[in-house]
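The structure under discussion appears below in the form of structure tokens.
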Amino acid sequence: MSDSETVPPATDPRSAPATAPRTAPATAPEKAGSAPALPQAALEIASGYAFTGPALDLGALLWDGQCLPDVQIRIPLPMLNRHGLVAGATGTGKTKTLQLIAEQLSAQGVSVFLADIKGDVSGVSAPGVSNDRVQERARDVHQEWTPTGCPAEFYALGGMGHGIPVRATITSFGPVLLSKVLQLNQTQEQSLGLIFHYADQKGLDLVDLKDLRAVVAFLTSDEGKQELKGIGGLSTATAGVILRSLTAFEAQGMSPFFGEPEFDTSELLRTASQGRGVVSVLELPEVQDKPQLFSTFLMWLLADLFHDLPEVGDADKPKLVFFFDEAHLLFNDASKAFLDSITQTVRLIRSKGVGVFFVTQTPKDVPADVLGQLGNRVQHALRAFTPDDQKALKATVKTFPDSGYDLEEVLTGLGTGEAVVTVLSEKGAPTPVAVTRLRAPQSLMAPVDAGVLDQAVTGSPLYGRYAQAVDRESAYEKLTAREAATRAAPAPSKGRPKQDRREESMVEQVVGSGLFKSLARSVGTQIGREITRSLFGTARRRR
């Protein structure tokens, strides 16, 4: 049974402490013949969510153990690019909250990206199934529940699992992200950056892992050592660490993730019939035991979007909302350069129309500089069984705006499918903290059958574009050919004919001329433009 289908009754005693403030609220006067008026404090919360423009419906306010469906808790659509956090302990309903938000964004014409680590989000593509619990939840929150699926595309890293293969070239992945995957230290990361710089300058395309290994091996050979001597060189010990890390990386079956055809991240911005946004689901169950790989790969997708998208400023709605599941994996053991790049990417990508939601267990999993930029918060229940749990709970409470709630008590008493919510209003100010009973997703709250999923993948117009891997001539082939030519070349003679010397003299004159040097500088500048590196050192050749 999925998280959201386990719905506690409206009178569940667990709800009482989760919805009552410390002081008894005053009540507004009742009108003759009307339903009981809302408590004054509830009316104040209601006014904080009374938006005039388009908004996503999250659910209804919980107050003193009762669900108040007249107070709807919502997120303004234009504020979705101000980023957000969905947090909570395992089994509290985070995944279904993502599904609820995703399907409403799609209906509003906004594209969505979801990382499906456990393999239970594929149901977003199929209409939901009604049952007693879903109907009870719909009645509680006054939701007009209609089974509805979303247009969806399914992807898989390197084609491992069900999905259109997503690959990146080593060049576009860049040295900073690759260092994170290879678990290199700061010195080794800087040396890897030097290797990328050399490959860029020499036109050695780094498409897959064997290309990078070939360049590292060349730069530590007798012939190649001189190539980097003027800019610091590459120590044999550091090169050895990088090569061993690459070997271990390949031994874990990582080769399929790097290569061509490289995935064009603009595919994530598509809309379907009737203007609905496409939900892109990256299926990750096959690689969930390789957390550093998939978390870093998700960051590559985001960095690549940042690199390519134009500035749009404050738009009526975002172009894309990107859900970054298991976010703590991204930040674990990250270098300062990596964290700085994440912070800057999150800070700046908002103006390009992209919203990012980090999904994790507690806010403390996200660095403070990043957390401070997450304006929309949906916090599910937390557990407080150990001293560490208690510490995390207190830290979470401090991240919320002041309210009349005892949030330590509230957060440990929430039921499944309930959450503490605060978002940014249409004016950009935080809304009041609201304990909320969330709506039920209208799409299927379970995985679709494997056969249906495979049919959707092979029937996609993108499948033919990305399914078959291509291995073109790149750094490995060029360096191998160079080595073979060197071995096959005859030994130089002691003297050369006079005719050859005259020809060489003429060539030297041409090469030394101002016209030739000007032409060479122009060509060099154009080649230099082929690869431009962004915040993470990621790069993309012109399409």
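Predicted model, so just to flag it, every value in this text is computed and none were measured.
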Distance-only criterion, 3.5 Å: show the donor-acceptor pairs between side-chain atoms of residues 118-130 and protein atoms not counting sequence neighbours.
| unit_1 | atom_1 | unit_2 | atom_2 | d |
| --- | --- | --- | --- | --- |
| S122 | OG | V448 | N | 3.1 |
| S125 | OG | S122 | O | 2.9 |
| S130 | OG | Q135 | NE2 | 2.6 |

Hey, can you pull the donor-acceptor pairs under 3.5 Å for the side chains in residues 106-115, sequence neighbours left out?
| unit_1 | atom_1 | unit_2 | atom_2 | d |
| --- | --- | --- | --- | --- |
| S106 | OG | G277 | O | 2.6 |
| S111 | OG | L269 | O | 3.4 |
| S111 | OG | R270 | O | 2.9 |

Result block: side-chain N/O donor-acceptor pairs under 3.5 angstrom for residues 421-433, not counting sequence neighbours:
| unit_1 | atom_1 | unit_2 | atom_2 | d |
| --- | --- | --- | --- | --- |
| T422 | OG1 | T431 | O | 2.8 |
| S425 | OG | K427 | N | 3.3 |
| S425 | OG | A429 | N | 3.3 |
| S425 | OG | A429 | O | 3.2 |
| E426 | OE1 | T52 | N | 3.3 |
| E426 | OE2 | T52 | N | 3.3 |
| E426 | OE2 | G53 | N | 2.7 |
| T431 | OG1 | Y49 | OH | 2.9 |
| T431 | OG1 | V423 | N | 2.9 |
| T431 | OG1 | V423 | O | 3.1 |

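Sorted by first and then second residue, the side-chain hydrogen bond (donor to acceptor under 3.5 Å, both in side chains) pairs with a member in residues 440-457 read Q99-S443, E103-S443, H162-D454; sequence neighbours excluded. Residue pairs satisfying the salt bridge (charged side-chain N to carboxylate O under 4.0 Å, His left out) criterion with at least one member in residues 388-398, sequence neighbours excluded, are listed as follows: K394-E408. Among residues at least two apart or in separate chains, salt bridge (charged side-chain N to carboxylate O under 4.0 Å, His left out) pairs with a member in residues 349-365 are D314-R350. Pairs engaging residues 41-51 under the salt bridge (charged side-chain N to carboxylate O under 4.0 Å, His left out) rule: none recorded [sequence neighbours left out]. Note on residues 286-297: no pairs pass salt bridge (charged side-chain N to carboxylate O under 4.0 Å, His left out), not counting sequence neighbours.
Taking each heavy atom of Y405 and L62 in turn, the nearest pair found is OH-O, 4.3 Å. When every heavy atom of G91 is checked against every heavy atom of T416, the shortest pair comes out as O-OG1, 3.7 Å. Here the closest non-hydrogen pair linking I73 and A60 is CG1-C, 4.3 Å. Of all heavy-atom pairs spanning H83 and Q373, the tightest one is CB-O, 3.7 Å.
Residues passing the side-chain hydrogen bond (donor to acceptor under 3.5 Å, both in side chains) test with E311 are S351, sequence neighbours excluded. The side-chain hydrogen bond (donor to acceptor under 3.5 Å, both in side chains) check on R276 picks up nothing, with sequence neighbours excluded. Judged as a salt bridge (Lys or Arg N to Asp or Glu O under 4.0 Å), and not counting sequence neighbours, E326 has no contacts. Legend: residues meeting ring pair (Phe, Tyr, Trp, His ring centres under 6.0 Å) with F257, ordered by chain and number and at least two apart, are absent.
Within 6.0 Å of OH on Y463 lie no more than 12 heavy atoms contributed by other residues, nucleotides or ligands.
For the side chain to side chain contact (heavy atoms under 4.5 Å, CB included) criterion with L414, the lone passing option out of L382, T92, V435 is V435. Partner of F263 under the ring-ring contact (aromatic ring centres under 6.0 Å, His included) criterion, chosen from F297, F258, W300, Y155: Y155. If you run side chain to side chain contact (heavy atoms under 4.5 Å, CB included) between F154 and each of L462, L453, D116, only L453 comes through.
Cation-pi contact between R167 and Y466: absent, since separation from the ring centre below 6.0 Å together with deviation from the ring axis within 45° is not met.
Counting only N and O atoms by type, the side chains of D369 and T343 include no donor and acceptor under 3.5 Å apart. Of the N and O atoms on the side chains of S172 and T169, at least one donor lies less than 3.5 Å from an acceptor on the other residue. Defined by atom type and a distance below 3.5 Å, a donor-acceptor pair is missing between the side-chain atoms of E267 and S280. For the residue pair Q361/R383, the side-chain donor-acceptor check at 3.5 Å is not satisfied.
Aromatic ring orientation, F324 versus F322: tilted (interplanar angle from 30° to 60°).
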